[in-house]
**Q** 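My questions will all concern the structure given below.
Here the structure is a predicted model, which means the values were calculated and not measured.
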Amino acid sequence: MDMTMKEQTIGKPGKPENGRRCLGTRMVDSGLITKEQLAEGKALQEDEMRGVRIGNVLVHLGHLTSEDMAKTMAQEMDMRYLGPDFSGFDPEMADLLDRDVAERLSALPLRREDDGLLVAMVQPDDMVAMDDISVRTGGEAIHPAVVSPMTLEFFLNRIYRESHETVDVSPDGELVDTLVVSLSEREDDSPVVQLVNKLLQQAIEERASDLHVQPEVAEVWVRYRIDGLLHDIMTFEREQLPGVVSRLKIMAQMDISERRVPQDGRIRVHMDNGLVDLRISSFPTIHGEKVVVRILDQRRAISEIGRLGMADRERKRFRSMLTRPWGLVLVSGPTGSGKSTTLTAGLHEINDRDVNIMTLEDPVEYRIAGVNQSQIRPKAGFSFASGLRSIVRQDPDIIMIGEIRDTETAEMAVRSALTGHLVLSTVHTNNAAGTVGRILDMGVEPYLISSTLLGVVGQRLVRRLCNSCAEEYDLPYDDVDRLALPLPDTPLRIRRAVGCSYCNNTGYRGRVGIYEVMQVTRPIIHLINERGSTPEIQEQTMRDGMTSLVQDGIDKVLDGITSLSEVRRMAYDAC
């Protein structure tokens with residue numbers, strides 16, 4: 001690259017140095033920072049961060065965002081600024097420069113324009129980097145544009161596709177690449193990248209199902225949901241929130257320039273012994289964007305009915321339903337009660353090469369080899385109901401519907417079962433008996449339900465007592481839990497939670513299901529046809545020998561698996 005090109009692009013010799021000297025003043029004049037913040041930055045620059053630009057020092061202190069710094073630098077150097085909303089990429093640019101070189105130079109060619117290359121640069125006056133890119137691209141002229149480090153990383157992920165390993169479907173129905181990244185730290189990682197990697201890695205290692213980044217008035221809370229309950233992990237300053245949110249959005253290929261509406265994305269991360277799927281959701285609140293990361297660890301997925309925690313009789317009943325050639329099998333319970341896990345284990349049980357299994361899920365949480373899994377896309381017109389209409393033309397033997405939510409889906413599920421398919425699905429009800437009333441409320445005729453329903457599995461998840469610290473004690477007769485639950489009127493010696501370092505002083509580690517399995521017998525068929533009430537159906541199921549949710553929980557208490565307080569907390573409404 002000749003000197004003429006350099007002068008046209010950068011300006012007069014000495015301009016960058018002058019720009020650096022007045023950059024802080026320009027930011028004060030524009031109201032981005034105060035004079036006191038600039039003074040603090042200059043003091044730190046002289047004492048500990050010599051050679052670091054004042055803008056980067058202010059970002060380090062949290063007084064300035066990297067985007068504001070990039071905009072100010074572009075104005076001062078009379079250059080073009082590119083924000084994260086820039087979309088004019090040329091995919092062929094990935095062939096001009098290796099990603100590792102682009103990362104080392106903090107510069108990335110975006111497209112050809114004006115007899116040269118438009119290059120996004122974090123340090124747009126880096127003559128060495130521009131010369132390097134010019135040589136590597138065959139002597140092309142370089143037209144630099146200013147970007148922030150996070151925007152550059154966003155551009156890198158958009159252009160370089162070799163790091164994208166799988167293709168999935170976004171919530172709006174578009175095919176998207178799922179970025180696969182490593183959480184291993186590098187020496188040049190910024191503090192924000194290190195913080196996010198640490199939070200994600202720790203959440204996965206501690207078996208969290210969700211990670212919450214929750215902004216409050218004075219600080220930001222980080223909480224993990226472990227074994228069904230939220231635990232406070234740490235707090236950090238509000239000034240770090242935009243960087244943390246932007247980093248998570250970049251990883252999930254979300255729009256980091258949009259902060260006013262909710263967004264969803266996904267990513268896969270490398271761990272020592274496999275991949276972990278992360279679903280990332282951002283939501284605007286009055287204190288800033290809240291982000292929740294759902295952690296779907298395939299390594300911990302339960303693929304066998306025998307590992308669910310069902311007692312022998314309930315397990316045999318469930319398996320007998322799954323072996324029927326046609327009919328409707330439902331799993332009921334509130335949100336977060338493990339219904340999808342039970343269905344997944346059931347599919348593993350009946351998955352065979354001689355049957356065609358089709359699923360409709362929202363979202364697809366766990367992948368099963370040999371099963372045709374599909375994620376619904378409501379915005380594209382692909383709902384449970386419309387998907388079910390198409391699935392029956394795919395010659396299925398077994399159909400799994402993630403959830404029956406409305407009348408149309410319920411009617412189609414019942415009719416699919418009636419025409420020779422085994423249909424599995426979930427319903428939100430408090431207990432198994434209440435499922436019949438729920439389907440009736442959706443407008444499905446009683447004779448259709450009684451003709452197709454094979455049975456219902458009702459369930460909850462309770463925490464397992466930590467075997468390292470749980471202690472035995474004699475349960476007093478006046479104990480509040482004893483008075484609330486149908487326990488035998490005899491002396492009882494059971495276990496309770498204590499807390500130790502192994503279980504993070506919670507007294508619990510892991511969860512187990514408590515179940516009731518209702519099989520549809522002739523008396524229940526009669527009650528369904530007569531539109532019998534939930535209490536009537538519940539009473540008949542007990543006469544038929546069903547073990548209730550509460551009783552199964554009590555049995556697990558007597559076996560030392562969980563505590564009485566856990567059963568009361570999770571299953572009291574099913575009494």
Side-chain angles (χ1 to χ4, degrees), residues 23-24 27 32-33 37-38 40-73 83-84 102-107 121-123 146-157 179 181-206 211-216 218-224 232-252 254 256 259 267 269-270 278 280 282 287-291 293:
L23 187 63
M27 288 186 285
L32 291 175
I33 59 172
Q37 289 172 335
L38 177 59
E40 181 185 358
K42 287 183 175 180
L44 181 62
Q45 185 185 43
E46 292 180 3
D47 294 341
E48 301 178 18
M49 301 183 70
R50 290 184 178 275
V52 179
R53 296 182 181 228
I54 186 61
N56 291 331
V57 176
L58 292 167
V59 171
H60 174 78
L61 289 171
H63 298 327
L64 188 71
T65 68
S66 56
E67 291 300 327
D68 286 336
M69 185 187 75
K71 289 178 185 178
T72 306
M73 185 184 297
E103 289 178 338
R104 177 172 56 82
L105 298 176
S106 294
M121 301 186 69
V122 175
Q123 303 295 346
V146 186
V147 295
S148 71
M150 284 194 172
T151 297
L152 179 68
E153 184 173 355
F154 179 65
F155 290 172
L156 287 166
N157 291 338
L179 185 65
V181 301
S182 172
L183 298 181
S184 301
E185 291 189 7
R186 300 182 304 181
E187 291 184 1
D188 58 343
D189 281 341
S190 68
V192 168
V193 172
Q194 292 177 13
L195 174 60
V196 171
N197 286 355
K198 178 183 177 182
L199 292 177
L200 291 175
Q201 188 167 9
Q202 182 180 347
I204 294 169
E205 291 174 350
E206 293 193 10
L211 182 159
H212 290 240
V213 178
Q214 180 173 329
E216 293 294 329
E219 58 190 8
V220 180
W221 298 352
V222 176
R223 303 195 288 174
Y224 295 164
D232 293 331
I233 301 301
M234 64 171 291
T235 61
F236 59 82
E237 296 178 354
R238 278 187 56 85
E239 288 77 9
Q240 294 177 274
L241 178 65
V244 170
V245 172
S246 294
R247 172 61 182 169
L248 288 168
K249 284 184 173 181
I250 286 171
M251 294 173 73
M254 297 155 66
I256 66 175
R259 303 177 181 177
I267 192 173
V269 298
H270 281 291
L278 305 179
I280 299 179
S282 68
H287 299 308
E289 283 188 283
K290 181 180 189 294
V291 178
V293 180

**Q** So, taking the atom named CG in Leu211 and the one named CG in Leu200, what distance separates them when rounded to the nearest 0.5 Å?
**A** 6.0 Å
**Q** Excluding sequence neighbours, so at least two apart, what forms side-chain hydrogen bond (donor to acceptor under 3.5 Å, both in side chains) with Lys71?
**A** none
**Q** Val213 versus Val293: any side-chain heavy-atom pair under 4.5 Å?
**A** no
**Q** Can you name the closest pair of heavy atoms from Leu241 and Gly288 and give their distance?
**A** CD2-CA, 4.4 Å
**Q** Decide yes or no for Arg247 and Val193: does some side-chain heavy atom of the first lie under 4.5 Å from some side-chain heavy atom of the second?
**A** yes
**Q** Residues in salt bridge (charged side-chain N to carboxylate O under 4.0 Å, His left out) with Glu67, at least two apart?
**A** none
**Q** To the closest 0.5 Å, what do you measure between CD1 (Ile33) and CD (Glu40)?
**A** 10.5 Å
**Q** Quick one: CE on Met121 to CG on Leu105, what's the gap to the nearest 0.5 Å?
**A** 7.5 Å
**Q** Going by the rule side-chain hydrogen bond (donor to acceptor under 3.5 Å, both in side chains), which residues pair with Gln123 if we only count those two or more places apart in sequence or in a different chain?
**A** Arg53
**Q** Salt bridge (charged side-chain N to carboxylate O under 4.0 Å, His left out) with Arg104: which residues, sequence neighbours excluded?
**A** Asp132
**Q** Quick one, Leu278 and Met251 - any side-chain contact, counting heavy atoms below 4.5 Å?
**A** no
**Q** Atom CD1 of Ile204 and atom CD of Gln201: how far apart are they, to the nearest 0.5 Å?
**A** 7.5 Å
**Q** I'd like to know if the side chain of Arg238 and the backbone of His287 have a donor-acceptor N/O pair within less than 3.5 Å.
**A** yes
**Q** Taking atom CD1 of Ile280 and atom CD1 of Ile250, what is their separation to the nearest 0.5 Å?
**A** 11.0 Å
**Q** If the condition is side chain to side chain contact (heavy atoms under 4.5 Å, CB included), which residues does Ala70 pass it with, not counting sequence neighbours?
**A** Tyr81, Val146, Ser148
**Q** Can you list everything that forms a side chain to side chain contact (heavy atoms under 4.5 Å, CB included) with Gln240? Sequence neighbours excluded, please.
**A** Leu195, Phe236, Glu237
**Q** To the nearest 0.5 Å, what is the distance between CD1 (Ile233) and CG (Leu199)?
**A** 9.0 Å
**Q** If you define the side chain from C-beta out and look only at heavy atoms, does anything of Pro215 sit under 4.5 Å from Glu289?
**A** no
